[in-house]
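Since we're looking at a predicted model, the values are computed, not measured.
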Amino acid sequence: MLMNSVFRIDSLIIKISQDCGNTWERVWGMGPNGTPYVFVTHPSTNNAFYPQSTDDWCGGSYGVGCYSIDLSAWAGNPDIKLMFESYAFFGNNLFLNDIRVNGSVGIQENTKYEPAVTIYPNPSQGQFICRSPMVTAWLQCRL
């Protein structure tokens with residue numbers, strides 16, 4: 001539903017846990033902060049918004065650039081978890097994409113067959129393709 005942009009107060013908050021999710025610390029937050037366009041990547045619409053092309057993401061042809069958050073203060077710590085919290089009030093759908101956490105994750109990486117499974121398109125309308133370079137026969141994905 002198209003709403004007056006003055007009343008949009010959508011936000012995204014990122015929290016980090018150093019104890020496997022028992023406690024959380026807020027490390028980043030973004031909201032209107034005086035302007036309603038901090039997440040806008042598409043003109044206003046009367047319908048629910050779903051990205052249809054790369055132009056509909058941050059850094060595309062409309063709206064804001066992409067955000068980068070420095071989490072190096074927690075590098076090397078065991079038992080780290082990230083939480084993404086969204087608050088929506090009269091804005092439209094919020095999508096997160098291409099989230100990258102670099103560095104060691106404490107498990108053996110499979111560099112020979114990277115990526116192990118590819119699922120696309122994202123977002124999907126309920127149908128998607130699931131592929132793996134390690135499997136030459138039928139591959140079944142359950143979500």
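- To the nearest 0.5 angstrom, I13 atom CD1 is 13.0 Å from W24 atom CH2.
- Across all non-hydrogen atoms, the minimal contact from S17 to C20 is OG-N, 3.6 Å.
- Pairing each heavy atom of I99 with each of L96, the nearest pair is CD1-CB, 3.9 Å.
- Between E25 atom CD and I16 atom CD1 the span is 7.5 Å, to the nearest 0.5 Å.
- Salt bridge annotation for E85-K15: present, with a cationic side-chain nitrogen under 4.0 angstrom from a carboxylate oxygen.
- Of the inter-residue distances, the one linking F95 atom CZ with S86 atom OG reads 11.0 Å to the nearest 0.5 angstrom.
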Could you list the donor-acceptor pairs under 3.5 angstrom formed by side chains in residues 75-84, with sequence neighbours left out?
from: N77; atom 1: ND2; to: Q18; atom 2: OE1; distance (Å): 3.4

Run the side-chain donor-acceptor check on residues 52-60: report pairs under 3.5 Å with partners two or more places apart or on a different chain.
from: Q52; atom 1: NE2; to: Y50; atom 2: O; distance (Å): 3.1
from: S53; atom 1: OG; to: D55; atom 2: N; distance (Å): 3.3
from: D56; atom 1: OD2; to: Q52; atom 2: N; distance (Å): 2.9

